[in-house]
Structure formats: C-alpha cells, structure tokens
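Worksheet: one structure, shown below.
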Amino acid sequence: MKEQAISLTVQLVAGERCALAASAGLIGCAPDEPSKRFLATQTLDEARHVEIFSQRLFDLGVKKGELEDVVAQYANPNLVKFAETLLEKVSAGDFVAGVVGQNIVLEGMAFSVFEMLHASMQTANPKFAKTLTGTIADERRHVGFGENRIGSLLEQYPEKKPEIQQMQKEMSHHMLATFADRFKDGAIAEQRKRAREQAGAEAVSANWKGVDLAAASSEELQNTLTNVVLNEFKVRLERLGLEYQTPD
Ligand SMILES: [Fe+2]
Ligand SMILES: [Fe+2]
C-alpha cells in the first residue's frame with residue numbers, strides 16, 4: 001500500500017512539475033501584461049503544488065537524496081510524453097497552444113483526478129483530502145484563465161486551430177494510456193479492498209459521480225474518470241470554438 005501511495009504521488013509531482021515549467025515558460029511569450037501577471041501567480045501556485053506533493057513523498061519515507069531517483073523510477077512513461085508534448089509548444093514560444101495544452105488539457109485532467117482522489121480520501125485520509133482541497137481551488141482558477149483568455153485569441157488567430165487540435169489529440173492519447181496503465185494491474189482495487197477490510201466498508205465508502213469508489217472495480221474506476229475528463233474537455237474546447245479530437 002505504501003508503494004502504491006508513493007507511485008500515485010510521483011504522478012502528481014510529475015504533473016505539477018510540468019505545470020510549473022509550462023506556466024513559468026509561458027510568461028515570457030504572453031502577449032499582454034494581465035496574462036503575464038496571471039501566469040506569474042500561477043507559477044507560484046504550481047511551485048507550491050510541487051512542494052506539497054514532494055513533501056508527501058518524504059512523509060511516506062522517501063529520503064531527500066532519493067527524490068529524483070524515485071520520481072524517475074515511478075513516473076509513468078505516458079505521463080512523461082504527455083508533459084513533453086505540452087512543453088514543446090511552450091519551448092517554441094507558442095502562447096495560444098501552450099495555454100490550451102496547459103490550462104485546458106493538463107489542468108482539466110488534473111482537476112478531475114484531484115476531485116476523484118479527494119472523494120476517495122475524504123474519510124480514508126482526511127489530511128491528504130485537505131491538501132487536495134487547496135490544490136483543487138487553485139486548479140479551478142487556472143482553468144478559468146485558460147477559458148477567458150484563449151477564446152478571444154483564437155478568434156484573432158483562427159488559423160492556429162488545426163495545430164492546437166492536433167496537440168490536444170496527442171495529449172489525450174498519452175493521458176488515456178496513462179489512465180490505462182494506472183488502473184490495469186488491479187492494484188488500486190486491491191488496495192481499496194484491503195482498506196475496506198481494515199477500516200470497514202462504511203468508513204471508506206466514497207461516492208463520486210454516482211460511483212462508490214471504494215467498491216468499484218478497476219475498470220469501473222477507469223471508465224468513470226475517463227468519461228468525466230473527456231466530457232470536460234469537450235465542453236471546454238467547444239466554448240473556445242475548438243472541436244475535441246478523439247485519439248487513434
Ligand atoms: Fe497544479
Ligand atoms: Fe494548475
């Protein structure tokens with residue numbers, strides 16, 4: 001169970017490190033002062049998220065000197081590719097694609113993952129649930145910026161749409177592969193089963209989007225998360241005048 005907790009937390013650190021690098025990198029190519037200021041505040045938020053999830057690794061027994069090795073060992077290769085796809089746009093100074101990739105795709109995913117985790121941890125691990133509450137509040141603000149700022153920029157540069165949709169398609173592919181990896185070995189369902197046996201079904205029961213997270217199979221958990229994230233993508237992209245692209 002400890003190894004599962006470390007492995008899960010490493011994915012959160014990897015995602016937040018990507019958000020930190022992306023929000024910091026986007027400040028330099030933002031076309032207006034309010035966007036630069038917002039992204040600077042977001043950079044601080046992401047640095048704090050990296051810090052708190054790294055601290056969770058230390059709390060779980062990872063030694064300070066081992067942090068990078070543990071992150072490299074457990075970070076899902078598909079999540080690494082997801083991050084690389086986004087950071088390529090940021091390195092190229094592509095502000096519009098970078099913000100869609102970060103504030104709509106990455107943070108749309110993070111938001112739902114954190115919400116699901118929060119629901120499953122509320123009674124099982126209130127301390128971690130509280131950490132997630134703060135993170136969720138920040139992510140909601142970041143997603144809002146993406147929607148508000150990018151809609152008008154896309155109206156200005158409609159020729160950018162196909163390239164951005166292609167990036168979304170690639171990022172979605174890597175995200176779905178990450179979810180498939182995380183849920184495939186049944187370790188998560190096994191962990192929930194043990195928690196039910198130890199603490200009692202009542203104590204760990206957690207409802208999210210109509211699914212009992214403590215009792216659901218790995219497959220049900222994966223389907224629920226996938227459906228929630230993809231629906232969010234579709235709605236948010238549509239508001240920006242983009243059409244969600246289904247990965248191959
Ligand atoms: Fe974050
Ligand atoms: Fe964020």
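Atoms within a ligand are numbered from 1 in the order they appear, just like the ligands themselves. In what follows, residues are counted from 1 in the order of the sequence shown. The figures that follow rest on heavy atoms only: side chains count, while hydrogens, waters and symmetry mates do not.
Inspection of the His173 and Glu170 side chains reveals no N or O donor paired with an N or O acceptor under 3.5 Å. Between the side chains of Gln102 and Glu46, not a single donor N or O lies within less than 3.5 Å of an accepting N or O. Side-chain contact check for Glu139 and His142: at least one donor-acceptor pair (N or O, by modelled atom type) lies under 3.5 Å.
In this structure, Val50 shares a hydrophobic cluster with Leu20, the cluster being traced through Ile, Leu, Val, Met, Phe, Trp and Tyr side chains under 4.5 angstrom apart.
Evaluation of the side-chain hydrogen bond (donor to acceptor under 3.5 Å, both in side chains) rule for Glu147 yields Arg236, Arg239 as partners, not counting sequence neighbours.
Within the protein, the number of N/O/S atoms found under 2.8 Å from the Fe ion (ligand 2) is 4.
Evaluation of the salt bridge (Lys or Arg N to Asp or Glu O under 4.0 Å) test over residues 2-18, restricted to residues two or more places apart or in two chains, returns Arg17-Glu68.
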